[in-house]
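Working notes for the structure below.
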Amino acid sequence: MQWYSKIRLVTEQCLLAILLLVSFLLLFEQYLVIPYWLQPLGRMHPMLLHFPIVLLVVALLLFWMSRSLDMAQWFLLWGSLLSGITVIMGLFLSKEEGYEGEAINWHKWSGAILFYSGAALYWLSTRQQKPLVTKWLGSIIIVPALWITGHYGANLSHGENFILEPILAQKKAAPVKLEEAIVYAHVIQPILQQKCASCHSLQKMKGALNLTDTLAMLKGGKSGRLFIPGNSALSLLLERVHLPLEEKKHMPPQGKPQLTAVEVELLSRWIDGDASFHSRLMELPETDSLRILAQSILQPSGQLAEEFDFAAADENTIRQLNNFDRSIKPVDRESPALEVALYNRNKYTVKHLEELSTIRKQVISISLNKLPVKDADLSSLQQFQNLRKLDLNFTDITDAGLATLVALPQLRSLAISGTKISHTALTNYLPGFKALQSIAIWNTAVNPEEVISLKKNFPTINIVEGFIDTGADTLKLNPPQVRNQEMVFPNALPLELYHPVKGVTIRYTQDGSEPDSIHSPVFDGNTMLEQHTTIKAKAFKPGWYSSEVVTFDFLKNSFIPDSVRLLTKLNDVHQAEGAATFFNRKLGAIGANNPAWANYWAGVRNNDMVLEARFDKSIPLTSVGLHYMVEEATGIFPPVVVEVWGAAGSESPQLLGKLTAPLPRKGEKPSLKLIQKELPMKQVSYLKIIARPYQKGKNRYLLLVDEMFLN
């Protein structure tokens, strides 16, 4: 059949051409630069690679069956041809970012050997009347090459040891003793290995980032440093983790196993604790949140964790008892023991404790911190005979209440700080607590001399007295804090600053200068804010080092539109509350761990941000402002221009003014900024505000706005 021979001849010629092209590309690979219009061809590599695998396997089976030599040659011919095309696509794909390391080299060269072997075996089979040589050579060369190519391809796509991972996962690591546990090696590294190393290792370094080596982690990747020790809020690692799942830069990528809330918290606490690679877990303070979380991971509810002789409570019962004022949850994933926390001081009654009678056996921890608990309420705690931990800090209990708690036979940890408990009561009742190991008594009626006496008389109990200012040590004050619930205000706003340390003087400025201990005004609670104001405050106290300066921005917005709508689409990721975002008095924040980072910003990139606002009654507008974010490193830029159009009644809108903002400098730190423009006073009932994102060449930069101000 003439057509049959022609097709075979053309296919063989194509195979020869592919052989030459693959050889050329491999020989000059280091000089290979793939233009953007060829990159889609490279990305088709995963889609095509399964076809030649099937064809080559079928060809080998047909050779061994000796049923149809001609058919086997056809499968081998087309399998080899498609293998060559797949190799070319793979070479194109490997030139994109993220394909570096040992795995890509193994995958590339085993794939090339598979292609060359298939082509050689095809021509050998056409010259052999008996396919014995083809059978054995194919089995010896093609089968191992297929396995090696597939193995390293799976590692590149899905992570190291992807094929054997289900089997390896069954081999649980031997539990480490807490005394021997290293925070990074036994807690942090397993998280990175499981959730991140598939894309960031020596085998595959996306973004030039390797998370399997500590020195490489400190170096960071293409986007800069991975984390800032002591500051998780500004660390790239946590920023990418907290991005919305749909965002391209979210890590791990969509479709990959995501970090759990506990894993994110562990990473955050590790970074905040200076991200040490060598510190031991038990060197951390007992109350350290990283230590507490890590212990819950390293102590499974079996061998190392405490075992309980009671059954788990009914899940429906727990669900019904949980509400906005009371939280009930297991102390561990597989433990029947429960911990209870009560909230909301204004709604608390002793009934909240009495209602827990159905789970009294399972409750081992109760927190009543800062609730108005009276001595009489403590009798309801006697039903919890398995209670190990009780937090009564800053409650209203007295000496009489302490006698009631002696009836708890397994109580090991008691916190009564900030109460009226006296030294006399502790001396009388502590001997009755048979299992007590720790008691917190700071900020009570017990003085330093009495604390020394308690420690001497009860050496088996850890007496936690907190910090006592004896004047012997000079410590640095924490910065002042603000009590104002909202930083955006419509009219006048009283400034509310405070400091938790007694006897502290707070000095502040409103002109941008740094407060000092002599000339700056003392905060006395009588300061009223009537316009946009930046407050800089500092704490001072004799015998202490002054605090760092803290800055608070208070922003005035006199007019809230009666109706607001967006005329253009927001970015899919940064939707916030839509048009309502700009006048809801919720300011966004910088920092991946802050909910205001992800939830309060409205953003645009590929189009203008166009807002239309209407007022039922016209307003006397004199200024317009925008609050926006700048993060030069990740491409978040100010608006290049903001146009304000306005009209009263049935007038046609007129351009009232334009606002411009300076561009960030290279390497500038992330910041929140305000641009504002004074306008000639005009009565308006309609406003149209157009904010245009910055664009340079073909690159468009993200614009994030959280609030607009009309005064």
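Just so you know, these numbers use all the heavy atoms, side chains as well, and skip hydrogens, waters and symmetry mates.
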- Taking D562 for its side chain and F615 for its backbone only, find out whether a donor-acceptor pair lies under 3.5 Å. no

- Tested for side chain to side chain contact (heavy atoms under 4.5 Å, CB included) against P693, the lone hit among L702, V640, D608 is D608

- Can you find a side-chain donor-acceptor pair between N369 and S367 that sits under 3.5 Å? no

- Message: Is the ring pair Y701/F637 parallel, tilted or perpendicular, if the boundaries are 30 and 60 degrees?
- Response: tilted

- Could you check if a side-chain atom of Y498 sits within less than 4.5 angstrom of a side-chain atom of P480, using non-hydrogen atoms only? no

- Query: Tell me, do D396 and V373 make a side-chain contact under 4.5 Å, heavy atoms counted?
  - Reply: no

- Item | Donor-acceptor under 3.5 Å (N607 side chain, K569 main chain) | yes

- Query: Is T568 reaching over with its side chain to a backbone N or O of V610, donor-acceptor style, under 3.5 angstrom?
  - Reply: yes

- Apply side chain to side chain donor-acceptor pair (under 3.5 Å) to the pair T534 and D553, showing each step before the final yes or no. CA-CA 5 Å; T534 296; D553 288 323; 2.9 Å; yes

- Task: Check whether any side-chain N or O of T395 sits under 3.5 Å from a backbone N or O of L371 as a donor-acceptor pair, and report yes or no.
- Result: no

- Verdict with reasoning, M609 to F582, per side-chain contact (heavy atoms from CB on, under 4.5 Å): CA-CA 11 Å; M609 180 182 288; F582 308 106; 3.7 Å; yes

- Task: Measure the spacing between CG of L674 and CD of Q676 and express it to the nearest 0.5 Å.
- Result: 5.5 Å

- Query: Where the side chain of K556 meets the backbone of H532, is there a donor-acceptor pair that is under 3.5 Å apart?
  - Reply: no

- Message: Do N699 and Q695 have side chains that approach each other closer than 4.5 Å (heavy atoms only, starting at C-beta)?
- Response: no

- Could you walk me through whether H574 and N571 pass the side-chain contact (heavy atoms from CB on, under 4.5 Å) check? CA-CA 5 Å; H574 303 97; N571 183 287; 3.8 Å; yes

- Test log, rule side-chain contact (heavy atoms from CB on, under 4.5 Å), inputs V624 and L679: CA-CA 8 Å; V624 175; L679 305 171; 3.8 Å; yes

- Between the main-chain N or O of E496 and the side-chain N or O of N484, is there a donor-acceptor pair closer than 3.5 Å? yes

- Do NZ/NE/NH1/NH2 and the carboxylate oxygens of E632 and K666 come within less than 4.0 Å? yes

- Task: Using a strict 4.0 Å threshold on nitrogen-to-oxygen distance, state whether R507 and E514 make a salt bridge.
- Result: no

- Query: Does the ring centre of W645 sit less than 6.0 Å away from the ring centre of Y686?
  - Reply: no

- Task: Could you go through the ring-ring contact (aromatic ring centres under 6.0 Å, His included) check for W270 and F227 one step at a time?
- Result: CA-CA 10 Å; W270 176 65; F227 52 80; 5.4 Å; yes

- Task: Any chance you could measure L626, atom CG, to I689, atom CD1, to the nearest 0.5 Å?
- Result: 6.5 Å

- Message: Measuring only between side-chain heavy atoms, which start at C-beta, is S618 closer than 4.5 Å to V684?
- Response: no

- Would you please say whether a donor-acceptor pair under 3.5 Å links the side chains of T527 and Y508? yes

- Rounded distance (nearest 0.5 Å) linking atom CZ of R605 with atom CG of L703: 10.5 Å

- Just by distance, do the side chain of E668 and the backbone of R665 share a donor-acceptor pair under 3.5 Å? yes

- Query: Any ion pair linking E486 and K586 (charged N to carboxylate O, less than 4.0 Å)?
  - Reply: no

- Query: Do N584 and E707 come within less than 4.5 Å of each other through their side chains, counting heavy atoms only?
  - Reply: yes

- Is there side-chain contact between L495 and T533, with heavy atoms separated by less than 4.5 Å? no

- Message: I'd like to check R585 versus I560 (side-chain heavy atoms, cut-off strictly below 4.5 Å). Are they in contact?
- Response: yes

- Task: Using a strict cut-off of less than 4.0 Å between a Lys/Arg side-chain nitrogen and an Asp/Glu carboxylate oxygen, indicate whether K688 and E643 qualify as a salt bridge.
- Result: no

- Under the 3.5 angstrom rule, does the side chain of N323 hit a backbone N or O of R326 as a donor-acceptor pair? yes

- Note: K476-E548 ion pair, threshold 4.0 Å (strictly below): yes

- Query: Between atom CG of L342 and atom NZ of K370, what is the distance when rounded to the nearest 0.5 Å?
  - Reply: 15.5 Å

- Task: Report yes or no: does H499 contribute a side-chain atom to a donor-acceptor pair with the main-chain N or O of N478 at less than 3.5 Å?
- Result: yes

- Query: Rounded to the nearest 0.5 Å, how far does NZ of K347 lie from NE2 of H352?
  - Reply: 8.5 Å

- Side chain S520, main chain D516, donor-acceptor under 3.5 Å: yes

- Message: Distance check, rounded to the nearest 0.5 Å: I619 atom CD1 versus Q683 atom CD?
- Response: 8.0 Å

- Query: Are M681 and L621 close enough that some pair of their side-chain heavy atoms sits under 4.5 Å apart?
  - Reply: no

- Test item: side-chain donor near acceptor, T634 and E631, under 3.5 Å: yes

